[in-house]
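Structure, as structure tokens:
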Protein chains: 4
Amino acid sequence: MKKVTIGIIGAGRIGRLHAENLVQVSGVRIKTISDIFVDNIRIWAREIGIENVATDYEEILSDPEIDAVFVCSPTATHVPIIKKAATVGKHIFCEKPVSFSVEETEAALQAVKKAGVKLQVGFNRRFDRNFVKVHETVKNGVIGKPHIVKITSRDPEPPPVDYIKSSGGLFFDMAIHDFDMARYVTGSEVIEVYARGANLIDPAIGEVGDIDTAVTTLTFSNGAIGIVDNSRKAVYGYDQRVEVFGAKGNITVENDRPTSVEISTEAGVFKDKLKHFFLERYKDAYMVETRAFIDSILYDKPPVCIGNDGLQAELIAKAAQQSFESGCPIKISHMLTHEV
Amino acid sequence: MKKVTIGIIGAGRIGRLHAENLVQVSGVRIKTISDIFVDNIRIWAREIGIENVATDYEEILSDPEIDAVFVCSPTATHVPIIKKAATVGKHIFCEKPVSFSVEETEAALQAVKKAGVKLQVGFNRRFDRNFVKVHETVKNGVIGKPHIVKITSRDPEPPPVDYIKSSGGLFFDMAIHDFDMARYVTGSEVIEVYARGANLIDPAIGEVGDIDTAVTTLTFSNGAIGIVDNSRKAVYGYDQRVEVFGAKGNITVENDRPTSVEISTEAGVFKDKLKHFFLERYKDAYMVETRAFIDSILYDKPPVCIGNDGLQAELIAKAAQQSFESGCPIKISHMLTHEV
Amino acid sequence: MKKVTIGIIGAGRIGRLHAENLVQVSGVRIKTISDIFVDNIRIWAREIGIENVATDYEEILSDPEIDAVFVCSPTATHVPIIKKAATVGKHIFCEKPVSFSVEETEAALQAVKKAGVKLQVGFNRRFDRNFVKVHETVKNGVIGKPHIVKITSRDPEPPPVDYIKSSGGLFFDMAIHDFDMARYVTGSEVIEVYARGANLIDPAIGEVGDIDTAVTTLTFSNGAIGIVDNSRKAVYGYDQRVEVFGAKGNITVENDRPTSVEISTEAGVFKDKLKHFFLERYKDAYMVETRAFIDSILYDKPPVCIGNDGLQAELIAKAAQQSFESGCPIKISHMLTHEV
Amino acid sequence: MKKVTIGIIGAGRIGRLHAENLVQVSGVRIKTISDIFVDNIRIWAREIGIENVATDYEEILSDPEIDAVFVCSPTATHVPIIKKAATVGKHIFCEKPVSFSVEETEAALQAVKKAGVKLQVGFNRRFDRNFVKVHETVKNGVIGKPHIVKITSRDPEPPPVDYIKSSGGLFFDMAIHDFDMARYVTGSEVIEVYARGANLIDPAIGEVGDIDTAVTTLTFSNGAIGIVDNSRKAVYGYDQRVEVFGAKGNITVENDRPTSVEISTEAGVFKDKLKHFFLERYKDAYMVETRAFIDSILYDKPPVCIGNDGLQAELIAKAAQQSFESGCPIKISHMLTHEV
């Protein structure tokens, strides 16, 4: 069987997650994983069967045996790595967001286009069985032309303030997944954005210039209207729901719970809280995502989630940030600097 | 508009419930209500607009203006009242059970048959919108030939032990509704019964010779198998569920709850307990039942729930009692004393 | 028992609904109902027991026996009727909206205040058992300080275009209920409004200058953010959901369905569509609403839904309309013309 | 890290399932898999990393490197293999049922006891996250003393008639899982069994002497009553539900569905059918089961599901078969031949 040889750049939580999924995919060899704190990962890497570890990702990019890289390093490094990787002909899986700058993302996409390599962006929720079914049901016309899209996306608890500082803010770090989901389930582009945000959960988040609660209104090119609501702290678990309402019906996705157990007592009726967070909720989706990328290389198929998907979500996030700051709706057409 | 003039015999909880429903039905005049404790009901009767009160139900039976009687007196009086009412040509609504004796019920039915009056038995659950839909769905063949029927019927709390003493026991007083439901939703007759019972809730119930927990297996003439489970005390409310499984599918009815509110907090997810008891759960069904009886008289239509339905449910209840006592399955054909 | 004598002004669908509920409320006498098409209602009025019918509502306002009026005539007549009724000391139940003009509504409220009569505005959903529980749960602090409020409100089908022409538009005719609900469940005032709307269902609606699809973002004085989504046509029934998310949890209300039956076959799993429209969905709420108004008079209690509730909802509706037309967020403080 | 070396006897569907799970468990080496049709599995075994294949399971039993065996061969071979494996000191995982003969199962358990090896019986459902929660909730007293236990267990389609012939019949092949579940969730022993069965689905099943529909009533030593309903053909998927009702409440487990998507259209409301069959429904449970057995060896812990659990379930299955054939309830105490 043909094999894809992989290098992984960045061994933080998400890099290790991809590594552990990749070892379960047949047709994959992980040759090298790089991280600036390489000593932290030596034992783990050996245990799961990764051949080499490296401090410098250049070791991966310059290795002619490596077919594809997973870019799991901090966002600021994504664009330079993508550009180099494309130049040396490696296929690229890049975690979201591609960058905090529309111009830089555009430049990265042009490098990818020029090199003719594959680029898949890490919007893992596109691979969740529920959202795939929403996407396909809408695409097949079952609910008619979409009129209203509603996405609820709430984390169980805020990340550390140190993380928030360098996260790009709620819209870039968190809502960007939902902006991608809005495009994915409607099959339409966002043309205008209005965002309201607030700092209601932890004043420390406000002190570093970010918000923890947001509602974003999206206007789509096909006339539909979308709503995304976000919170950094849903005490009952990771709240992830999607609804698309159209001319012929409505489709909803409810949350996953750890069990289906329901307990009725004199005190009331109790069900499980939601699955805790993304590692539990999207466990299967991460695996499907990884398999999809490997398959796109092995069988030369187009990736499910391409560079332009990354760019469009960033444009929406940037517009949301500007709308929140200015108090006015922002048109996406004002955000693009040049043709992609 | 043509009017039906009604007399109500017995002004306990169920007699008053029927009276209060009847005053809301157009085409109905309640002329008289009788009760041996007539002083207790004078004010209430006047307030809801009943013309006369009486101590003796003979006053109702001998009143030529009265077209129909509601028999809501203690079970022991049902058969003599039915016989007399039939003889004087009055239509009869009789609360369940018709009697505790198969022979007496048969005699009452023969009197009704001979007189050519209408008799409706008070199996109110047949008029619940949910169970009507189950009945019709099964009848229309949507789930194919029924194979397994499951009925859960649990009260929120046991009645007073004094009531239990004269109730006829769990099978006659409580499960009889479920035995009727089993026939109603399958459209088939029960031919064999096996019952297990226990006194698990309150020893005082056992001391008066009754049980508070029971599981009854029913074998139907069409080959289907039924299960009824009963408890006198479901601390979470009145638990009333029905399921019919067949060759082409399954149909279920879930419980009603006071609201659809769901509250998610750090402590878990909470829903309402079930509706408390039959007055709340079957409020609408009682009204539909009353309207159905009045309509059967006004428009000369057959009642939905006839004398034979009362008899068959009693046969099953009696077989269940015998099975519980003997530890053996009992055939219904052994219970009938003569042809009806 | 003390009685409240009622006059009903307007015998359209909603006037007849209130009349039919009022005849079931003890302590109520409906003396007169007026309608310009009085011949249409003579038979119906007699059948349900209303004493008189009249063409001119002045007959009601000048009748010293009448304690209270139900104003169910077209919106344009509400303010003059309220003013006159207040002047002659009658308590007033007025259907929503009070008027299409903030100035006129303010004037009506001042007349009511001066006369010291009771005024209840017909936001019937405040009396639905589900929404009452949401209101109380939030008020009791169970979910903490509200952060995000989501209201879905979709009709099963658009009204006739002729009705839409004089309806005041989607925000005034339909969303106004949801704007009131937003205030009711959060217990906070709206300070800014942003609305997006579209004409996606029927071009005839657009031709008379209205929209059929809308998403409105509300900013509350307590920092919470609200979202209302509306459609004139949800083919699966009347979609009425409310959700309040707060610091300590989330509370949701799901739709009512005609039955709880679920049918599983080889083709899939089927449940009932939603209750068809407001008459089915809010049947009980209308009755509770009526009882609450009568009780407020009988026992001199403050009404649940007062004049200022009508005014605030109108301010939000007007702001939504202006936001939709201008494309900009609108502050409520810019809408008020003078102090109330 | 300490390793457990495994041999797998039998490479049918269930043997391969265990093999594929075992390769994902750290601390496991699969040295050999045996099957009489060894040629069918050579490629598959190499691909998933099993070192050797063998025709004769004696090769496994005589290999001193092998610590434990998975007995996945036909039921008739289980007892001889268990006896030999125990004699040579190997830990044993045995698929259910241990045998079709209570005497033989007892003999196998005695051999295991004498050898002091671990024996885990393959009741995989005990490892399902939902049923574990029911077991623990009941054990912790949350619902009080159990009164009624209800288990629904319906396959999506009957196995081939050839399989049924040698399956031991519905009670031994299928309901045995539910009899074990009844003991697991109540924590009590069954003392009497009454079973009704029918051949309603496929006459060919009846022709080989088996049934396809059954309802079994279980009486427990603690006074509780249980009901198991089985069907070989639920056209809407694999129907697996458990309910325990007790003095202080009720606990239910609902079915798993492939997605949580709900689609509402003019035609009605649609949800997914149930997960198709046991491979989909109990995918995770099989993995947890395997890990539990390996852990019991690595850390010398008692297995979750021991030999006596296998024996008790067989006793109930045998009693159910006898009850079905005789039409009478059967006491478990009459089934046991000697002390275990």
Does atom [atom1] ([X]) have a neighbourhood of more than 12 heavy atoms from anything else shown, all under 6.0 Å?
X	atom1	value
C:Lys271	NZ	yes
C:Lys248	NZ	no
C:Lys145	NZ	yes
A:Glu280	CD	yes
A:Glu325	CD	yes

### Query
Counting heavy-atom pairs under 4.5 Å to chain A, which of C:Gly144, C:Gly246, C:Ser231 comes out on top?
C:Ser231
### Query
Can you tell me how far CZ of A:Arg154 sits from CD1 of C:Ile148, rounded to the nearest 0.5 angstrom?
5.0 Å
### Message
I need the A:Asn230 CG to C:Phe245 CZ distance, nearest 0.5 Å.
### Response
10.0 Å
### Summary
For C:Ala198 and A:Gly223 the tightest heavy-atom approach is CB-O, 4.0 Å
### Message
Please give me the minimum heavy-atom distance between C:Pro329 and A:Pro329, naming the atom from each residue.
### Response
CD-CD, 3.9 Å
Contacting region of [X] [heavy-atom separation from chain C under 4.5 Å]:
X	result
A:Ala234	both
A:Asn199	neither
A:Leu200	both

#### Entry: A:Glu243 with C:Lys150: basic N within carboxylate O range, under 4.0 Å
no
### Task
Using distance alone, with no hydrogens and no angle criterion, decide if A:Arg196 and C:Thr217 have a side-chain donor and acceptor under 3.5 Å apart.
no
### Query
Which of the residues A:Ile225, A:Ile201, A:Val235 is involved in the greatest number of heavy-atom pairs with chain C at under 4.5 angstrom?
A:Ile225
### Query
Among A:Asp212, A:Thr219, A:Asp239, A:Thr152, which residue forms the greatest number of heavy-atom pairs with chain C at distances under 4.5 Å?
A:Thr219
